[in-house]
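Right, I'll just put the structure down here and ask away after.
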Amino acid sequence: MPSFSSGAPQHNARRKQLIRQQRKSLPIASVEKKLVEEVRKNDTLIIVGETGSGKTTRGKSHWHHSASKRVAEECNDQLGKKVGYSIRFDDSTSNATRIKYMTDGLLLREALLDPLLSKYSVIVVDEAHERTVHTDVLLGLLKKVQHSRSIYADKDGKNLSNKQDLSQSLTLKTCQATKFAPLKLIIMSASLDAKCFSDYFGGAKAVHIQGRQYPVDTLYTYQPESDYLDATLVTIFQIHLEEGPGDILAFLTGQEEIESLERLIQERVRQLPPDSSKIWTTPIYSSLPSEQQMNAFKPAPAGTRKIVLATNIAETSVTIPGIKYVIDPGMVKARAYNPVTGMESLIIIPVSKAQALQRRGRAGREGPGKCFRLFQECEFDKLAESTVPEIKRCNLSNVVLQLKALGIDDIIGFDFIEKPPRTSILKSLEQLILLGALTDDYKLSDPVGKQMSRLPLDPMYSKALIVSSEFKCLEEMLIVVSMLSVESIFFTPREKLEEARAARKSFESTEGDHITLVNVYRAASECLEKSKNASAKEKTMEKALNRWCWENFINYRSLRHARDVHSQIQGHVQQMGLNLSSCGDDMVQFRRCLTAAFFLNAAIRQPDGSFRALGTGQSVQMHPSSVLFRTKPDCVIFNELVRTTQNYIKNITRIDPLWLAELAPQYYATED
DNA sequence: TAAACCTTT
């Protein structure tokens, strides 16, 4: 049973000192004037806002005072027109928009068409501390753009040598304006460590904004806990029986852990004394249907304590009201990448100090709280300061392709805020050459590389679309890449496994998972067509589709998403002039096309029944979710290689091994 | 006979 100690005195002293430093700075409302002044004085400003400082809700809509007084005045009158937002499938902006909220990924896409981001005079990067791949690439790009625009602005665009200087650093084709204003940058971060951003931007000034957080007591265990799930269970009941009222938030690593802990809690509830107060558990994780997610935000009935079992989603993405107690087992599920094999996997690892602080902060939003860390205090000191940025632990093919398309040729020499492993970059360059996106001397190829960089897809999927146009089955491939680009399409609840399996049977193709996905997509479209004939109302149609998904054990949200991706990509390929052809019933033709597109992911069956992935030489198994599981194809292509208890391949189609040498001779001609 | 942490183009 875990027993807890309070944080050691020296730790408290350190915190107190920190708090004293922060008191010198003021909450955002009273520093507005100062911020405006700082933005005017500095080209780049780092704003460090503690949790609860209100920087996201107030900061964003207030910095523009510095950009133009006139805009600010008008803004007060016509907020709807001057302020807009733009996300992947939804754009509310117009020519009148002065302030645009958008995602980092979308701004990167815009940069492909307008490399100097000439529309913008001030760019605010929010949540920079999260260090997603997009944030890191964007920061590198913005630093470069800022430099280029300052050269251009200084010389007023009249000096030819400077123009060349500029076009060397960035493709200048679309930039016809004669004069650029300097680009102002505001980097907003919640981390206490502003130094890395400041150093990166040449010693840029950092302004700290105090947070409005209530004190949170931090408790550690006296001994190491070998089973954090059991320790969480015990701690939940310890709090419930010994502490005052207030809801509990427990951080777990995934859906399965959450579900099993929920069952364990329910079992133990029965052992409680009959007169003790009630508890109500509510899970929250991203793949949970949104109606069920909303439960976590509802207040518990009177006399009942709410226990929220959450993944990382509750760390930053959502804030659940009423939380007084946080349980932090100190573990997280994170993406990992092996650049040698090119394999991504999910592993459970200890959290960073920054993550632990963020989790603790969730207990102090509405009043003083308590945070129970299920590890010893000496273990906290051993944790990494901050989470390893994503760019260091993911496949970089898309990043490399984007940078190449932006005219940045020296990827290894690119000024990243933190450099990804050299081997990751080399692996991606190699893959892009094999896909034909880059020439042998690492230049973006024309038209293939250019076309691929315009498509918002995994480079291998982009290539598949181009190939399929030649094979006259673009229509089928468009469906496949859309379905492969979203979360799992099939919904298989543990308690209805047999029913779900039976439902899937009607879509199954003996050739493999790709054609099965096409069948699902087409059946869903047919369902929509039918309801369209019955009623023209969009709402009714969506309802019919939702019901159809439910009956067929299809994940509605995933299918909806796949349809959005499909229509977006369809627009792109039509613009590119690709021929929207169908192979009809000729499935041999389609499988040959899959072979030509995904030849890098081919696998041959071994005498022992396992497979050998030809690209990497790894020994792999068919994943039990494949429709080909329990069949014995000699040769297959696949789209995913995941490592869990074993190396598994998923999304598999059987092919003729002879097709490999015929359709990908550049890769397989030398092999037998 | 397995099991997807979070985003996002």
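Everything quoted here is computed from the prediction, not taken from an experiment. In the text below, chain A, chain B and the rest are named by the order of the sequence lines, each starting its count at 1.
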(request) Describe the nucleic acid contact of Q255(A) in one word from base, sugar-phosphate, nothing, applying a heavy-atom distance below 4.0 Å. (result) sugar-phosphate
(request) Determine the interplanar angle of the F380(A) and F375(A) rings, folded into 0 to 90°, and report it as parallel if under 30°, tilted if 30 to 60°, perpendicular if over 60°. (result) parallel
(request) For L346(A), answer base if it contacts any base atom (sugar-phosphate contacts may also be present), sugar-phosphate if it contacts only those atoms, and nothing otherwise; contact means non-hydrogen atoms under 4.0 Å. (result) base
(request) Please work out which residues in residues 503-511 of chain A have a non-hydrogen atom less than 4.0 Å from an atom of DNA chain B and list them by number. (result) none
(message) Under the criterion side-chain hydrogen bond (donor to acceptor under 3.5 Å, both in side chains), I'd like the reasoning laid out for T253(A) against E257(A): C-alpha separation, chi angles, the key distance, then a yes or no.
(response) CA-CA 7 Å; T253(A) 68; E257(A) 265 180 28; 2.8 Å; yes
(request) Please work out if S488(A) contacts a base, only the sugar-phosphate, or nothing of the nucleic acid, heavy-atom cut-off 4.0 Å. (result) base
(message) For H514(A) and F598(A), take the angle between the two ring planes, folded into 0 to 90°, and tell me which bin it lands in: parallel under 30, tilted 30 to 60, perpendicular over 60.
(response) parallel
(message) Students should find this one: the first and last nucleotides of DNA chain B, 5' to 3', lying under 4.0 Å from a heavy atom of chain A. What are they?
(response) dT1(B) to dT9(B)
(request) List the atom of R454(A), the atom of L113(A), and the distance in Å for their closest heavy-atom pair. (result) NH1-CD2, 3.3 Å
(request) Have a look at I87(A) and say if it touches a base, only the backbone sugar-phosphate, or nothing, with a 4.0 Å heavy-atom cut-off. (result) sugar-phosphate
(request) Kindly write out the residues that satisfy side-chain contact (heavy atoms from CB on, under 4.5 Å) with N555(A), not counting sequence neighbours, or none if the list is empty. (result) F491(A), R557(A), S558(A)
(request) Check DNA chain B against residues 385-393 of chain A and give the residues with a non-hydrogen atom under 4.0 Å, in numerical order. (result) none
(message) Under the rule for side-chain contact (heavy atoms from CB on, under 4.5 Å), what residues qualify as partners of E256(A), not counting sequence neighbours?
(response) R494(A)
(request) Kindly state which residues belonging to residues 328-337 of chain A come within less than 4.0 angstrom of DNA chain B, counting heavy atoms of the residue only, listed by number. (result) K333(A), R335(A)
